[in-house]
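Take a look at the structure set out below.
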Amino acid sequence: MKRSLALGAFALVCALGPARAQTQCESLPNPVYMQIGDTQEPLIKQLGRTLRDASPPISLIYLTNGSCDNVAAIYADPVGKISTTARYVPSTTENDAWTPSNPHLACTVAASGKDIEVANSALFVSSCDTTDHPEVGLFQGPNQAYVLAVPKGSSQVAITAEEAYFVFGFGNQGQVDPWDDETHLWSRPVTKSTLLTWAANLKIPKEKMRGQQKNSSGEVLTGVANDPVPEKAIGLLGSEIYDKSRDKNVKALAFRAYQQKRAYLPDSTPTAFDKKNVRDGHYTVWSPTVWLTKVDPVTKVPVNPRAAYVIDLILNKPVTPAPAFSPLDIVISNGLVPACAMKVNRTVEGGDLSLYEPQEPCGCYYEKKVNSLESSCTECTVGDDAPCSGGKCRLGYCEAR
Amino acid sequence: MKRTSLLMIAFAAALLVVGCGKRNNNGGEKTDGGITCFENPTTHVEIINACTTAEAFDKIPTLPLLLPTGELPPLP
């Protein structure tokens, strides 16, 4: 009997093969530990790949969590830690076939954990926490739109703010056809930017938003795409996730805000990626991404230079060493709108829009990248920052200043 | 008398012409197909209703729970 058990155990071990040691996060070059909203994972994966291949390389090691959880973690004293398996992406040397559309890899964090060095909120931090923390710097980055998505088989193409108020505020009792069944409303928990941004724009308290609360954007995407009653299905998604999923069975609804006369998509057409309506205020459901890191309370200089470097790349600020790639292109290609391309601004979640003129505009460059260059944009070859036609040459185009 | 009447008719006709058609007042409002848009927006309402070449969608929703005043009812 004993011999049989031993032989069986031996066979089992042989079948399973030797245990594969998981990568230790600390072994990755120049790590930066981050906790981000899951709507920002596409950006971080692409930026992470590029930084793994940079000289010197930087490794973005991250977990995803709700924006408000991320804010709480970096505001905490002591600061929150990443103490489980974390995510990272491979370098080209490790896997030259990997692309950001492939899954992330996993690495093991030391048992003692690693302090979170960069936290991300995909909406105004004030929506999560209004307390003052002089030891944490808030660096406002590019903007993300949020959409209401339905299956492609749905006949619906638009929704008004008033309809959405009844759908998500009243649920089964909302009497808004066809979205009158909460089992087909795909929503998120109250710590997630996707829900919080929609709640603010619809003037619904976050705790009163109806629907099936799914922990990840991926679950909402799957839920909407596979809903057995397509006409009744509707879900909340960040545009960074939606834009990467346009080949899936989902489409965004045009949205008509309160006091607005017509409904608009974030983009000028259903097939464009130009975010024209986010930029000029016709599409009102958007929030800034905010990147938080520890700073000197007096000087406000980040205490972690590598974390500061990564944040400055996302914000398209000059960095040393200058990257051999365009961080702005990475931001734009992930469906985010950098501040330099915006024509409107707001200061609170769901707040009124006001006209905005960036100090260093990049509107023409942005339009070129999203294949919607306006006829008013003229190229310039005099070099960046040189005067041109009453403005200044920036990224190859003559901007207003 | 006849001349005065003709002048008055002509004056009234001129007023009619000025009063109709597209207007460009201080807000830069333009009416196109019955929808007003703002050519030079400055306020939030003007911005979200500014004239644009982007594709727009029109909808008249059915809202059984909307209050008679047109306001939204409080949430349950």
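Proteins come first, then strands; the chains are lettered A, B, ... in the order of their sequence lines, and each starts at number 1. Only a predicted model underlies this, so the values are computations on that prediction, with no experimental measurement involved.
- Between B/P61 and A/V176 the shortest side-chain heavy-atom distance does not fall below 4.5 Å.
- For A/F273, there are no ring pair (Phe, Tyr, Trp, His ring centres under 6.0 Å) partners at least two apart in sequence or on another chain.
- When all heavy atoms of B/P76 and A/G169 are compared, the closest pair comes out as CD-O, 3.7 Å.
- The heavy-atom pair separating B/L75 from A/P205 by the smallest distance is CD1-CD, 3.5 Å.
- Between chain B and the options A/A158, A/A272, A/A257, A/G351, heavy-atom pairs under 4.5 Å are most frequent for A/A158.
- Taking each heavy atom of B/F57 and A/A254 in turn, the nearest pair found is CD1-CB, 3.4 Å.
- Counting heavy atoms from C-beta outward, B/P64 and A/F166 have side chains that stay 4.5 Å or more apart.
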I'd like a table of all donor-acceptor pairs linking chain B to chain A (distance under 3.5 Å, no angle check), giving the atom names and the distance to one decimal.
from, atom 1, to, atom 2, distance (Å)
B/H44, ND1, A/L353, N, 2.8
B/I48, O, A/Q260, NE2, 2.9
B/N49, OD1, A/K261, N, 2.8
B/N49, ND2, A/Q259, O, 3.0
B/A50, O, A/H282, NE2, 2.7
B/E55, N, A/S268, O, 2.9
B/F57, N, A/A263, O, 2.9
B/F57, O, A/A263, N, 2.8
B/D58, OD1, A/R262, NE, 2.8
B/D58, OD2, A/R262, NE, 3.4
B/D58, OD2, A/R262, NH2, 2.7
B/K59, O, A/R256, NH1, 3.0
B/K59, NZ, A/A158, O, 2.7
B/K59, NZ, A/E163, OE1, 3.0
B/K59, NZ, A/E163, OE2, 3.1
B/P73, O, A/Y165, OH, 2.6
B/P76, O, A/K208, NZ, 3.3

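- Closest of all the heavy-atom pairs between A/G281 and B/I47 is CA-CG2, 4.0 Å.
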